[in-house]
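Atoms considered below: every heavy atom in the structure, side chains included; atoms not considered: hydrogens, waters and symmetry mates. Just so we're on the same page: letters track the sequence lines, and every chain starts at 1.
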2 protein chains.
Amino acid sequence: MNKVRPYSKVLERLRKAGLRPTRQRLALAKMLLENGNRHFSAEMLHAEALSSSVRVSLATVYNTLHQFTIAGLIREIYVDSSRSYFDTNTSKHHHFFHEDTAQLEDIPDDQIIVAKTPDPPAGTMLKSVDVVVRVSAS
Amino acid sequence: MNKVRPYSKVLERLRKAGLRPTRQRLALAKMLLENGNRHFSAEMLHAEALSSSVRVSLATVYNTLHQFTIAGLIREIYVDSSRSYFDTNTSKHHHFFHEDTAQLEDIPDDQIIVAKTPDPPAGTMLKSVDVVVRVSAS
DNA sequence: GTGTTTGCAAAGTGTTTGCAATTTA
DNA sequence: TAAATTGCAAACACTTTGCAAACAC
């Protein structure tokens, strides 16, 4: 059902987020949002941009990922204490993390059940419930 | 029941892990293992050591935390992509992460239920199931 | 035109490493 | 005294930032 979004959709989403659709932002948004769910780091996205002949600096990739995260277009996943990973799928779901390869993989929804979510401590509100299942070659 | 472990216990645990009980390792191990469950970063532990007049370099703190982690005396928790956090409680349990203060807090066992743990992908074995509930001041 | 965004290079942060000096067994 | 460990400073990897040039509206 949810096919590749037409170009205008991406442009519209940037506008809605208050982000000027510059050449760099548009190119990165298209790479990320028109190709299904993806897990990636800043370096990975930068490398992919360059090999697709999208000229963009690494600094801009970092800044753009930050802006996209704030805008809710992507989300950050915490699995490594020395590198940021992101996911284009912002809906509630969880991850496998392959320790050997540093790859992320979605856990199918029917494969995990968090039956009870804890009450947030007094004075706080819940932001997210993230489950990471670490695996390695057996 | 589980009172403060006597000095010899810590020494014995280091020996069992194949780690020579040097002054630095012994001091750090005592700070960590004789004071209940603690969440901390390398910098935090280093600062605490210095203020307790335990002379130890930051490099040694890093190296020691790594060795303790491999030995299973402590475990690492992944909540921040720019800093490593550790926990002296190595048994199965989950965490709140206060985004405002960067503090970790245990989730009481009866407050969370992971009813179904996913099958690890083919060719992999499960290492851990970590739940992080992010909260912030409301 | 005016304010925003980019790219570069420099700076910053947390962490690791090489190696001489020290310590442990 | 032989092997392991420490501390320092330098090196590292990843990320952020200052600022002039380029760009969007």
Side-chain angles (χ1 to χ4, degrees), chain A residues 7-8 10-31 39-50 53-71 73-74 76-86 102 104, chain B residues 7-8 10-31 39-50 53-71 73-74 76-86 102 104:
Chain A
Y7 173 90
S8 57
V10 167
L11 203 164
E12 189 186 305
R13 293 180 76 186
L14 288 183
R15 285 243 168 73
K16 209 163 282 176
L19 298 170
R20 283 191 183 177
T22 62
R23 175 177 63 74
Q24 291 86 338
R25 289 211 272 238
L26 211 35
L28 294 176
K30 289 176 73 178
M31 290 169 61
H39 303 113
F40 58 96
S41 68
E43 293 271 9
M44 288 164 64
L45 183 61
H46 185 235
E48 184 182 328
L50 295 190
S53 302
V54 171
R55 284 173 303 100
V56 58
S57 72
L58 183 55
T60 296
V61 170
Y62 274 108
N63 291 334
T64 302
L65 289 178
H66 193 224
Q67 296 157 349
F68 283 8
T69 302
I70 290 172
L73 299 176
I74 61 178
E76 187 171 356
I77 303 181
Y78 305 88
V79 286
D80 186 321
S81 48
S82 72
R83 203 185 244 79
S84 289
Y85 283 88
F86 298 88
L104 277 163
Chain B
Y7 172 89
S8 57
V10 166
L11 204 164
E12 189 187 306
R13 292 180 77 187
L14 288 182
R15 285 243 168 75
K16 208 164 284 177
L19 297 170
R20 282 190 182 178
T22 62
R23 176 177 62 74
Q24 291 86 339
R25 290 210 273 240
L26 211 36
L28 294 176
K30 289 177 74 177
M31 290 169 62
H39 303 114
F40 58 95
S41 67
E43 292 273 8
M44 289 164 62
L45 183 61
H46 185 234
E48 183 182 330
L50 295 191
S53 302
V54 170
R55 284 173 303 99
V56 58
S57 72
L58 184 55
T60 295
V61 170
Y62 274 107
N63 291 334
T64 302
L65 288 178
H66 194 225
Q67 296 157 349
F68 284 9
T69 301
I70 290 172
L73 300 175
I74 61 178
E76 187 172 356
I77 303 180
Y78 305 87
V79 286
D80 186 321
S81 49
S82 71
R83 203 185 245 79
S84 288
Y85 284 89
F86 298 88
L104 278 163

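- The partner of D:dC23 is C:dG3, by the rule that a Watson-Crick or G-U pair needs both atom distances under 3.5 Å.
- The phosphate of D:dC8 (OP1 or OP2) has no side-chain N or O of B:Ser57 nearer than 4.0 angstrom.
- Closest approach of B:Ala49 to B:Met31, counting heavy atoms only: N-CE, 3.6 Å.
- One finds the CD atom of A:Glu48 at 9.5 Å from the CG atom of A:Leu28 (value rounded to the nearest 0.5 Å).
- In the set C:dA9, C:dA25, D:dT6, C:dA9 carries the atom at the smallest distance from any side-chain atom of A:Ala59.
- A:Leu14 places its CG atom 15 Å from the C1' atom of D:dC25, with the value rounded to the nearest Å.
- Between the CG atom in B:Leu19 and the CG atom in B:Leu73 there is a gap of 7.0 Å [rounded to 0.5 Å].
- The side chain of B:Arg15 approaches C:dA25 more closely than any other nucleotide in the set D:dG7, C:dA25, D:dC25.
- Around the NE2 atom of A:His39, the shell of radius 6.0 Å holds more than 12 heavy atoms that belong to other residues, nucleotides or ligands.
- When the P atom of C:dT6 is taken as reference, atom CG of A:Leu65 falls 12 Å away, rounded to whole Å.
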TODO: Kindly indicate, with the supporting measurements, whether the criterion side chain to side chain donor-acceptor pair (under 3.5 Å) is fulfilled by A:Ser84 and A:Glu76.
DONE: CA-CA 7 Å; A:Ser84 289; A:Glu76 187 171 356; 3.0 Å; yes

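- For A:Tyr62 and D:dT17, the OH to C1' distance is 14 Å, given to the nearest whole Å.
- Taking 4.0 angstrom as the limit, B:Thr60 places a side-chain polar atom (N or O) nearer than this to OP1 or OP2 of D:dG7.
- Put simply, CG on A:Leu45 is 12 Å from P on D:dT15, counting in whole angstrom units.
- The side chain of B:Arg25 has D:dT5 as its nearest neighbour among C:dT5, D:dT5, C:dT15.
- Listed nucleotides C:dT15, C:dA25, C:dT6 differ in distance to A:Gln24; the shortest reach to its side chain belongs to C:dT6.
- Within 4.0 Å (heavy atoms only), A:Arg20 reaches at least one base atom of the nucleic acid.
- In this structure, B:Pro21 and B:Asn63 both approach DNA chain C, and ranking their closest nucleotides by distance from the 5' end singles out B:Asn63.
- Atom P of nucleotide D:dA13 and atom CE of A:Met44 are separated by 18 Å, given to the nearest angstrom.
- Within the shown strands, C:dA21 is the pairing partner of D:dT5 under the Watson-Crick or G-U definition, both distances less than 3.5 Å.
- The nucleotide whose nearest atom lies closest to any side-chain atom of B:Ala42 is, among C:dT15, C:dT17, D:dG7, C:dT15.
- One atom, CD of B:Glu76, and another, C1' of C:dG14, lie 12 Å apart when rounded to the nearest Å.
- Among the nucleotides D:dG7, C:dT15, C:dT24, the one closest to any side-chain atom of B:Thr22 is C:dT24.
- Rounded to whole Å, atom C1' of D:dC8 lies 11 Å from atom CG of B:Leu58.
- Considering only side-chain atoms of A:Glu43, the nucleotide from D:dG7, D:dC14, D:dT17 that sits closest is D:dC14.
- Set against C:dA25, C:dG14, D:dT15, the side chain of B:Arg83 has C:dG14 as its closest nucleotide.
- To the nearest 0.5 Å, the span separating CG on A:Leu26 from CZ on A:Arg13 amounts to 12.5 Å.
- With rounding to whole Å, A:Leu26 atom CG is found 10 Å from D:dA24 atom P.
- Among the heavy atoms of the strands lying under 4.0 Å from B:Ser84 are primed sugar atoms or P, OP1, OP2 only; no base atom is included.
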